[in-house]
Protein chains: 2
Amino acid sequence: MAKRTPRVVVKLSTKVKGIGRPLNRILASLSTVDFARLRPHLEKIDLAYKQPLYDADVPIKFVYFLDTGVASLVNVMRNGDAAEVGTIGNEGIVGLPVMFGDTVAPTSVYMQVRGAGHRISAPVFWKEMERSLSLRLLALRYIHVFFNQVAQSAACAHFHTLDKRCCRWLLMTCDRMQEDDFPLTQEFLAMMLGVRRAGVTQAAGKLQRDGLIHYGRGRVRIMDRNGLVKRACECYGIGKRDFDRLLGSLPPMAAAG
Amino acid sequence: MAKRTPRVVVKLSTKVKGIGRPLNRILASLSTVDFARLRPHLEKIDLAYKQPLYDADVPIKFVYFLDTGVASLVNVMRNGDAAEVGTIGNEGIVGLPVMFGDTVAPTSVYMQVRGAGHRISAPVFWKEMERSLSLRLLALRYIHVFFNQVAQSAACAHFHTLDKRCCRWLLMTCDRMQEDDFPLTQEFLAMMLGVRRAGVTQAAGKLQRDGLIHYGRGRVRIMDRNGLVKRACECYGIGKRDFDRLLGSLPPMAAAG
DNA sequence: GGCGGCATGTACGTAAGCGTACAATAGGAA
DNA sequence: TTCCTATTGTACGCTTACGTACATGCCGCC
């Protein structure tokens, strides 16, 4: 598949400086003037494992830009059943409703792997988005990719076996991490995939036996990335293609607009 | 649940005039000046059953506003498995990628119940969106509701039984139609829900026996709407709430912005 | 007025995942 | 060291939906 950035480069993980450009790719792609306007409002913040970035039906106060770590858009049912419907890393923005000019949403966002980033007041961000075309274009482009990811997840969760979905999830998380090794319990993965913990044990066991991953006591390590890709469902590839398009050049229409 | 508009009122179904305001609620909500700018570019169009409005990975030429009929956002897998991930009626806009400043998408949109509406050239619509704040706000608000719908569908397809999902689908379609009676084959519904036709026969049979619907030879009729609501999964109610919010007043932030 | 095809009814064995329960092990705290 | 708790392993019966196959019935075409 597409080449990955070497892991060694990004050793700055937890100590992103307030000065200069942050690691978040949306912020990094802003024009100098746009970034300068946002900068005084950006507040550096550490994000703990399982920390909520916003909750369903509660007015959203901040928009988050992750530098490291991974967040999940989660849908929780009345009976407590929960499932992840989208994943957000340093390629994106947490706080979709704000970009839609809204203040609440029926879904929540939690940290899936702890990390750090910056946040900005929701109304301030909304006003900046209205003011700056380039920021708006970037945000819209990201929303599109994220929307596609959610649409893909819908079909994926319905059609594909747990094994394949595990592979996809591990790869997506890995793509958004700086390391092949990250904290993850089977319990948590089960919640993300909306299945029983026992089911994940089965699936993960097979993957480990086949040398694709190694795990234990709340950590996973990707041992054979290509093997995982082969074993994952098509959804991973489709999302990755879109993801790479996002990080590439602007699509024609917006570029012209 | 919420009261419905009486069916009798909307007998204009197929003959929407080019003059005056169309039935599409987004267009109907535009300011006079915004609508005046769009109007010369709007082209009236009839939309046949199963007609594609755009296909995956093919550049989108037009944005559609339905007056009548219902369209579906569909995700098709490599092996031919397909599932609907979103439903669009006269409350919305078909052509999300365009509103994101993009030209292609990995999903397709097909007509699920034939109808009529207007279309506008994609680049023209994009430019108008950039120019007009009120149009942009309306579009963003709709995108948010639609996004929520897709996120809900993802969890729904995963957690809920076919019976309940059938009820939800019938209700959502019914909400977007002018009649309680519309064309629908079990084969088609099966494709929308991403299940076997035989499975739908079972589920629909039960609903008919219980007097909730009546169907045959490619048509359904909703007999007991409240009964269906009771039997549907929570996803219907959640979506409906959001849907009603969309058609109500502007959310705080955008109104202030 | 018969025929062909679409729409629907039904059945049987199979597979994936659920709900639940309980055992085993490892890391950290006292 | 010892204990406690979080994490992981495994089993059993059950439900839902799958894949496939075949039967029935209705509509419209010739």
Side-chain angles (χ1 to χ4, degrees), chain A residues 49-50 77 79-84 112-114 154-170 181-210 212-221 231 233, chain B residues 49-50 77 79-84 112-113 154-170 181-210 213-221 231 233:
Chain A
Y49 175 52
K50 285 189 180 171
M77 299 287 174
N79 68 356
D81 277 351
E84 181 196 69
Q112 171 194 119
V113 181
R114 82 174 200 327
C156 183
H158 184 58
F159 287 125
H160 299 145
T161 61
L162 183 49
D163 289 47
K164 288 175 180 296
R165 294 205 296 133
C166 270
C167 294
R168 176 180 178 230
W169 194 94
L170 289 168
D181 186 294
F182 51 91
L184 176 70
T185 67
Q186 298 185 353
E187 183 80 44
F188 187 74
L189 179 51
M191 197 194 72
M192 290 292 109
L193 298 178
V195 298
R196 289 173 320 146
R197 194 271 313 162
V200 169
T201 302
Q202 299 279 358
K206 276 190 258 175
L207 297 180
Q208 174 152 257
R209 251 170 270 130
D210 295 349
L212 300 176
I213 61 176
H214 182 73
Y215 64 91
R217 301 277 115 200
R219 287 199 78 83
V220 217
R221 171 180 283 274
R231 194 121 151 194
C233 54
Chain B
Y49 175 52
K50 285 188 179 171
M77 298 286 173
N79 68 356
D81 278 350
E84 180 196 69
Q112 173 192 119
V113 180
C156 183
H158 185 57
F159 287 125
H160 299 145
T161 61
L162 183 47
D163 289 46
K164 288 177 180 298
R165 294 205 296 131
C166 270
C167 294
R168 175 179 180 233
W169 194 94
L170 289 168
D181 185 297
F182 51 90
L184 177 69
T185 66
Q186 298 185 353
E187 182 79 47
F188 188 74
L189 179 52
M191 196 193 75
M192 289 293 108
L193 298 178
V195 299
R196 290 172 320 146
R197 195 268 316 162
V200 169
T201 301
Q202 300 279 356
K206 277 190 257 174
L207 298 180
Q208 175 152 255
R209 251 169 271 131
D210 296 350
I213 61 174
H214 181 74
Y215 64 91
R217 301 274 111 204
R219 288 199 78 82
V220 216
R221 169 181 284 274
R231 194 123 153 195
C233 54

Contact list (N/O, under 3.5 angstrom) for nucleotides 9-13 of chain C vs protein:
from	atom 1	to	atom 2	distance (Å)
C:dG9	OP1	B:Tyr215	OH	3.4
C:dG9	OP2	B:Gln186	NE2	3.0
C:dG9	OP2	B:Tyr215	OH	3.2
C:dG9	N7	B:Arg197	NH1	2.9
C:dG9	O6	B:Arg197	NH2	2.7

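- Here the side chains of A:Met77 and B:His160 are in contact, with some heavy-atom distance below 4.5 Å.
- To the nearest 0.5 Å, atoms CZ (A:Arg197) and CG (A:Leu189) are separated by 11.5 Å.
- One interatomic measurement links the two molecules: CZ of B:Phe159 to P of D:dA17, which rounds to 14 Å at whole-angstrom precision.
- Between the side chains of A:Arg165 and A:Thr161, no donor-acceptor pair of N or O atoms lies under 3.5 Å.
- Regarding B:Asn79, its CG atom lies at a distance of 13 Å from the P atom of D:dC18, rounded to whole Å.
- A straight line from CG of A:Leu193 to P of C:dG17 spans 11 Å, rounded to a whole angstrom.
- Distance A:His214 NE2 to C:dA26 C1': 13 Å, rounded to the nearest Å.
- Rounded to whole angstrom, the span from the CD atom of B:Glu187 across to the P atom of C:dC6 amounts to 11 Å.
- For the atom pair CG (B:Leu184) and OH (B:Tyr49), the distance works out to 7.0 Å, reported to the nearest 0.5 Å.
- One can place NZ of B:Lys164 at 11 Å from P of D:dA17, the figure rounded to the nearest angstrom.
- Rounded to an integer number of Å, the gap from B:Met191 CE to C:dT8 P is 15 Å.
- You'll find the side chain of A:Cys233 stays beyond 4.5 Å of the side chain of A:Cys167, heavy atoms only.
- For B:Arg217 against C:dT8, no side-chain N or O and base N or O form a donor-acceptor pair under 3.5 Å.
- Ranked by how close their nearest DNA chain D nucleotide is to the 5' end, A:Arg219 and B:Val195 are led by A:Arg219.
- Atoms CD and OH, from A:Gln208 and A:Tyr215 in turn, are 4.5 Å apart once rounded to the nearest 0.5 Å.
- Counting to the nearest Å, the C1' atom of D:dA17 and the NE2 atom of A:His160 are 16 Å from each other.
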